[in-house]
Amino acid sequence: MSALHDWSLTPTVAVALQRELATRLSLIPPAGWTSPDAWPATITGVDIGFEEEGAITRAAVVTLDLATLEPLEQRLVRQPTRMAYIPGLLSFRELPAAIAALELLQQPPECLMVDGHGIAHPRRLGVAAHLGLWCDLPALGVAKKRLCGKHDEPGEERGDWVALMDRVREPDAALGLIDDPTRAKREQRSRLGAVLRSRINVKPVFVSPGHRMDLETALALTRHCLGKTKLPEPTRLADQLASRRLKQLR
DNA sequence: GCGACAG
DNA sequence: ATCTTGTCGC
């Protein structure tokens with residue numbers, strides 16, 4: 001398990017670890033989550049920001065009442081950045097601080113909404129999937145930009161969405177991502193997530209399940225959490241806390 | 001070999 | 001991600 005606690009890995013080792021961890025993902029949501037009535041009482045937004053030219057990592061977590069979307073508790077952690085940003089290896093840079101922030105919460109998180117991708121990642125282990133797996137909590141990712149896969153342009157109405165599809169990769173069959181197993185292998189594609197129009201006249205966001213979550217649930221939760229801005233409330237509030245430089249209290 | 005590339 | 005003011009539009 002020591003390797004799991006060592007966030008300072010070479011890219012080659014990190015990639016190998018991602019492949020291993022991806023096989024441990026489950027995309028089955030908790031029983032009953034198909035109905036909003038059975039959803040948990042809270043959802044926790046997670047986001048990371050930087051200062052000092054990236055030398056310092058700031059992790060923010062905000063727990064909201066899932067029914068009212070009112071914030072209940074928030075935590076902010078600052079710590080030295082451990083690893084450079086490498087596309088595809090984002091979680092190794094952001095998770096240490098995020099985990100530290102989550103551990104400060106008085107009320108244990110029940111479900112995580114992370115700024116970044118879930119399984120919509122080349123090796124199906126985006127930051128939301130990695131964090132969900134680490135915490136063993138239902139988790140989904142809401143990203144502002146595409147990392148991999150292709151998609152059509154979603155409709156213009158708020159709530160419109162299209163599927164994010166990618167070529168089939170190694171863990172996809174076991175994860176149940178193959179869109180149509182009956183087709184010739186050459187033409188099979190994996191369904192990674194949804195490209196959702198969260199606001200009219202604004203670029204869409206990329207929603208994907210992370211862990212213990214399926215696409216339907218991830219989409220339902222995200223749409224439920226939409227407020228007046230592009231980002232759903234949990235991520236928006238965490239983003240605001242992680243990005244905005246705090247006024248010095250004195 | 002040439003792009004693409006979450007935060 | 002971050003450095004940054006005003007400005008256009010619902």
Side-chain angles (χ1 to χ4, degrees), chain A residues 7 11-12 14-15 18 21-22 25 45-62 76-101 112-134 139-151 156-158 164-167 169 190 192-211 218 222 226-232 234-246:
Chain A
W7 301 99
T12 303
V15 165
Q18 288 184 323
L21 293 177
L25 290 175
V46 180
D47 186 41
I48 275 68
F50 298 90
E51 57 184 73
E52 305 290 311
E53 300 177 330
I56 299 296
T57 296
R58 261 192 325 245
V61 296
V62 182
L76 181 62
V77 160
R78 293 172 74 259
Q79 61 177 227
T81 301
R82 315 190 184 194
M83 192 174 144
Y85 168 68
I86 300 174
L89 300 181
L90 180 66
S91 64
F92 295 94
R93 173 177 169 87
E94 301 195 338
L95 284 207
I99 291 167
L112 307 176
M113 180 181 283
V114 186
D115 185 287
H117 293 286
I119 59 168
H121 174 282
R123 290 168 295 283
R124 313 308 185 224
L125 198 80
V127 59
H130 199 160
L131 184 58
L133 194 59
W134 181 277
L140 70 135
V142 178
K144 296 179 286 295
K145 296 177 183 176
R146 182 196 71 93
L147 209 211
C148 69
K150 296 178 180 177
H151 65 87
E156 308 187 334
E157 298 297 306
R158 172 190 160 101
L164 175 63
M165 306 298 291
D166 191 23
R167 49 163 278 208
R169 317 255 180 163
S190 295
L192 303 184
V195 185
L196 172 70
R197 186 78 66 186
S198 55
R199 255 203 97 178
I200 298 178
N201 290 328
V202 173
K203 290 292 187 180
V205 294
F206 298 77
V207 179
S208 61
H211 183 50
T222 302
L226 289 183
K228 294 185 174 182
T229 56
K230 167 173 179 168
L231 296 179
T235 302
R236 183 184 71 81
L237 292 175
D239 201 283
Q240 163 181 319
L241 183 58
S243 304
R244 182 163 304 172
R245 180 156 200 191
L246 308 178

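Just so you know, these numbers use all the heavy atoms, side chains as well, and skip hydrogens, waters and symmetry mates. Below, chains carry the letters A, B, ... as their sequence lines are ordered, and counting in each starts from 1. Small disclaimer: the values here were computed from a predicted structure and weren't measured.
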Chemist: Can you name the residues that form a side chain to side chain contact (heavy atoms under 4.5 Å, CB included) with A:His130, not counting sequence neighbours?
Modeler: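 Listed in chain order: A:Trp7, A:Leu21, A:Ser91, A:Phe92, A:Leu95, A:Leu125.
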Chemist: Contact class for A:Tyr85 vs. all strands (heavy atom < 4.0 Å): base, sugar-phosphate, or nothing?
Modeler: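 Contact class for A:Tyr85: base.
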Chemist: What is the distance from NZ of A:Lys228 to P of C:dC10, rounded to the nearest Å?
Modeler: 16 Å
Chemist: So what stems show up for DNA chain C if we need 3 or more Watson-Crick or G-U pairs in a row, all under 3.5 Å?
Modeler: none
Chemist: Between C:dT2, B:dC5, B:dG7, spot the one nearest the side chain of A:Leu147, thanks.
Modeler: B:dC5
Chemist: When the distance from CD1 of A:Ile56 to P of C:dC3 is rounded to whole Å, what number comes out?
Modeler: 14 Å
Chemist: May I ask you to say what A:Asn201 touches in the nucleic acid, namely base, sugar-phosphate or nothing, with a heavy-atom cut-off under 4.0 Å?
Modeler: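 Since no nucleic acid heavy atom lies under 4.0 Å of A:Asn201, the category is nothing.
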Chemist: Please tell me if the side chains of A:Ile48 and A:Asp115 come closer than 4.5 Å, counting only heavy atoms from C-beta onward.
Modeler: no
Chemist: Heavy-atom distance under 4.5 Å between the side chains of A:Glu94 and A:Thr57, does that happen here?
Modeler: no
Chemist: Given C:dA1, is OP1 or OP2 found less than 4.0 Å from the side-chain N or O atoms of A:Lys144?
Modeler: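 For C:dA1, OP1 or OP2 has a side-chain N or O of A:Lys144 closer than 4.0 Å.
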Chemist: Quick one: does A:Pro11's side chain get under 4.5 Å of A:Met83's, heavy atoms only?
Modeler: no
Chemist: Go through A:Arg58 and A:Arg78 one step at a time and tell me if the side chain to side chain contact (heavy atoms under 4.5 Å, CB included) criterion holds.
Modeler: CA-CA 5 Å; A:Arg58 261 192 325 245; A:Arg78 293 172 74 259; 3.6 Å; yes
Chemist: Closer than 4.0 Å, any side-chain N/O of A:Arg58 to the OP1 or OP2 of C:dT2?
Modeler: yes
Chemist: Tell me what A:Leu89 touches on the nucleic acid: a base, only sugar-phosphate, or nothing, going by heavy atoms under 4.0 Å.
Modeler: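 If one applies the 4.0 Å heavy-atom cut-off, A:Leu89 turns out to touch a base.
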Chemist: Roughly how many Å is it from CZ in A:Arg78 to C1' in C:dT2, rounded to a whole number?
Modeler: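 Rounding to the nearest Å, CZ of A:Arg78 and C1' of C:dT2 are 15 Å apart.
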Chemist: Could you walk me through whether A:Asp166 and A:Arg124 satisfy the salt bridge (charged side-chain N to carboxylate O under 4.0 Å, His left out) test, starting with their C-alpha distance in whole Å, then the side-chain angles of each, then the deciding distance to 0.1 Å, before giving a yes or no?
Modeler: CA-CA 11 Å; A:Asp166 191 23; A:Arg124 313 308 185 224; 3.2 Å; yes
Chemist: Roughly, in whole Å, what's the span from CD in A:Glu51 to C1' in C:dT2?
Modeler: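 Rounding to the nearest Å, CD of A:Glu51 and C1' of C:dT2 are 11 Å apart.
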Chemist: What's the CD1-P distance between A:Ile48 and C:dA1, to the nearest Å?
Modeler: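 That distance rounds to 11 Å.
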Chemist: Report the residue (A:Asp239 or A:Arg199) whose heavy-atom-nearest nucleotide on DNA chain C is the more 5′ of the two.
Modeler: A:Asp239
Chemist: Is any side-chain heavy atom of A:Thr235 closer than 4.5 Å to a side-chain heavy atom of A:Lys230?
Modeler: no
Chemist: Looking across every strand, which nucleic acid part, if any, lies under 4.0 Å from A:Leu90 by heavy atom: base, sugar-phosphate, or nothing?
Modeler: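 Base, at least one base atom sits under 4.0 Å.
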Chemist: Give a yes/no on whether any side-chain N or O of A:Arg146 is located under 4.0 angstrom from OP1 or OP2 of B:dC5.
Modeler: yes
Chemist: For A:Ile86 and C:dA1, give me the distance from atom CD1 to atom C1', rounded to whole Å.
Modeler: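 These atoms are roughly 15 Å apart.
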Chemist: Specify the separation, in whole Å, of atom CZ of A:Arg236 and atom C1' of B:dG7.
Modeler: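 After rounding, the reported distance stands at 19 Å.
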Chemist: Which is true for A:Gly88 with a 4.0 Å heavy-atom rule: it touches a base, it touches only sugar-phosphate, or it touches nothing?
Modeler: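 Base: the residue A:Gly88, judged by heavy atoms under 4.0 Å, touches a nucleobase.
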Chemist: Roughly how many Å is it from CE in A:Met83 to C1' in B:dA6, rounded to a whole number?
Modeler: 14 Å
Chemist: Does A:Gln79 use its side chain to pair, donor to acceptor, with the backbone of A:Ala100 at less than 3.5 Å?
Modeler: no
